[in-house]
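Here the structure comes first, spelled out in structure tokens, and everything after it is commentary.
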Amino acid sequence: MDMNIRPRRLRGSEILRKMVRETRVDKSSLIYPIFVKEGTNIQEEIPTMPGQYRYSVDTLPKALEELLHAGVNKVMFFGIPDHKDEVGSQAYAQDGIVQRALQKAKAEFGNDMYLITDVCMCEYTSHGHCGVLCGQEVENDATLELLSKTALSHVQAGADMVAPSDMMDGRVLAIRTLLDEKGYKEIPIMSYAVKYASAFYGPFRDAAGSAPSFGDRKSYQMDFHNRREGIKEALLDVEEGADIIMVKPALSYLDMIREVKDTIDLPVAAYSVSGEYAMVKAGAKLGYIEEDRIICEMAASAYRAGTDIYLTYFAKEIARFIDEGRIG
Ligand code: PBG
């Protein structure tokens, strides 16, 4: 018998291995989520997300500068208002926190930094739900008007793209219609289309103070047992005019990323959420896992599953790992 078996895989030099790699990770596809809050001179660390901060508008440019320096030129803004009320009025206020952050970022960086906003009510409502309430229930249709107003105010303040994350039915169409009417036909909508009711958002809700004061989000976010339902949501958002379809969270939903990729002819985005970040940080702090390698594997798995765009709190680290040739 010939014992000199030819290797099954191309596994010669690193140059060869990189040439035949099936998945590419590119800095241009990274989006960094960032929290902005009222006040001045603030850069406070988020306790459940070590290494992530809440910034006031005046300290924001420094953070964006660092990001640009690392080679990441896309951010997604989340606002933390001082004042919350029943209808989340600070979400669509002309001088709301996100609106002011957008103005500042545009003034300082022009088109060098691509600005995306999360469009939702939960950070702005006193009850912490993603829409206006009627009794104990979120009222879908009444919320659409507020979401559209919010999206429009973001675009008027300088947003390059809006990303509705509320999961109300019909919100993509409502936002698209209002933006078109006001002359913003070129502004894309990235829809959080396949968004599960998930415990992985826990640290985010600490960061933004947006946990619901009663009940949960299961009436409008998806049941994590369901796959077909996710595709149905995505297809409806395509019909309504979405330009990019997002799956969220990423790590436990890689099957959904692949399914959306195979079914829908639009760019796919995957959001590696706060709980994914927190688990890696906690595990690494305890010395149980190797942080850097885990970050690379998590990112590669999302791209391998089919994502075109990756939203991650590790954007800066991934950019560095790409530079160092550890992923890419
Ligand atoms: C707003 C929103 C949430 C996240 C993104 N947009 C919280 C939620 O739905 O409760 C979570 C992001 C993260 O966990 O990193 N609705």
Side-chain angles (χ1 to χ4, degrees), residues 30-36 46-54 75-81 84 88 90-92 97-98 116-125 127-133 138 140 143-144 146-147 150-151 154 159 161-169 171-172 175 189-224 233 244 246-253 269-282 295 298-299 302 309-315:
L30 296 171
I31 300 174
Y32 181 66
I34 192 163
F35 298 91
V36 281
I46 299 161
T48 47
M49 301 176 74
Q52 300 302 311
Y53 301 85
R54 305 182 189 99
V75 283
M76 164 109 97
F77 283 133
F78 292 96
I80 307 170
K84 302 190 187 218
Q90 281 301 305
Y92 40 89
I97 180 64
V98 164
I116 308 167
T117 58
D118 181 89
V119 176
C120 194
M121 309 301 294
C122 64
E123 296 112 277
Y124 304 91
T125 51
H127 42 76
H129 279 286
C130 297
V132 282
L133 295 181
V138 173
N140 190 89
T143 303
L144 296 183
L146 302 185
L147 290 167
T150 303
H154 289 174
M161 178 188 281
V162 290
S165 71
D166 51 282
M167 290 299 277
M168 297 302 124
D169 294 335
R171 94 276 204 201
V172 172
I175 292 171
I189 299 177
M190 173 161 66
S191 176
Y192 286 72
V194 188
K195 174 170 173 179
Y196 288 89
S198 170
F200 281 101
Y201 311 147
F204 173 95
R205 292 177 189 173
D206 290 339
S210 65
S213 59
F214 66 89
D216 53 40
R217 303 207 205 291
K218 286 184 182 155
S219 67
Y220 42 99
Q221 297 183 353
M222 287 177 42
D223 180 344
F224 58 71
E233 285 280 0
I244 298 172
M246 192 201 295
V247 176
K248 172 180 169 214
L251 192 57
S252 296
Y253 299 88
Y271 193 155
S272 179
V273 298
S274 56
E276 300 177 42
Y277 179 85
M279 287 197 309
V280 174
K281 282 291 180 188
I295 294 169
M298 280 169 63
I309 299 162
Y310 192 45
L311 294 105
T312 172
Y313 301 96
F314 286 123

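First listed ligand is number 1; within each ligand, the first listed atom is number 1.
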Worksheet item: Which of the atoms in ligand 1, numbered in the order shown and given with their element, are less than 4.0 Å from a heavy-atom of F78?
Response: 5 (C), 6 (N)
Worksheet item: Should one rank M167, E276, K195 by closest heavy-atom distance to atom 9 (O) of ligand 1, which comes out on top?
Response: K195
Worksheet entry | Between N140 and Y220, a side-chain donor and acceptor under 3.5 Å | no
Fill in: Interatomic distance, M121 atom CE to H127 atom NE2 [nearest 0.5 angstrom]
8.0 Å
Worksheet item: Among protein heavy atoms, which sits nearest to atom 1 (C) of ligand 1, and what does the distance come to when rounded to 0.1 Å?
Response: S165 OG, 3.3 Å
Worksheet item: To the nearest 0.5 Å, how far apart are CG in D166 and CG in L146?
Response: 10.5 Å
Discussion item. Taking a cutoff of less than 4.0 Å between a non-hydrogen atom of the residue and any ligand atom, is Y277 in contact with ligand 1?
Written reply: no
Worksheet entry | Passing candidate, ring-ring contact (aromatic ring centres under 6.0 Å, His included) with F78, options F35, Y32, Y313 | F35
Worksheet item: So which heavy atom in the protein is nearest atom 6 (N) of ligand 1, and how far is it from that ligand atom?
Response: D118 OD1, 3.2 Å
Worksheet item: Can you list the atoms of ligand 1 that are under 4.0 Å from a heavy atom of Y271?
Response: 12 (C), 15 (O)
Discussion item. Looking at R171 and P164, would you say the former's side chain and the latter's main chain have a donor-acceptor pair under 3.5 Å?
Written reply: yes
Practice prompt. Indicate the ring-plane relationship of Y253 and Y196, choosing parallel, tilted or perpendicular according to the 30° and 60° boundaries.
Written response: parallel
Worksheet, complete the sentence: of all protein heavy atoms, closest to atom 14 (O) of ligand 1 is S274 OG, 2.6 Å
Worksheet item: Just heavy atoms, cut-off under 4.0 Å: does C122 contact ligand 1 by side chain, backbone, both, or neither?
Response: side chain
Worksheet item: What protein heavy atom is closest to atom 4 (C) of ligand 1, reported as residue, atom name and distance in Å?
Response: K248 NZ, 2.8 Å
Worksheet item: Any idea which protein heavy atom is nearest atom 12 (C) of ligand 1, and the distance to it?
Response: F204 CD1, 3.4 Å
Item to complete: Search all heavy atoms of D169 against all heavy atoms of L144 and return the closest pair with its distance.
Response: O-CD2, 3.5 Å
Worksheet item: Checking K195 against Y201: charged group under 6.0 Å from the ring centre and within 45 degrees of the axis?
Response: yes
Item to complete: Give the contacting part of V273 toward ligand 1: side chain, backbone, both or neither, where contact means a heavy-atom distance below 4.0 Å.
Response: both
Worksheet entry | Numbered atoms and elements of ligand 1 in range of Y201, under 4.0 angstrom, heavy atoms | 8 (C), 9 (O), 10 (O), 11 (C), 14 (O)
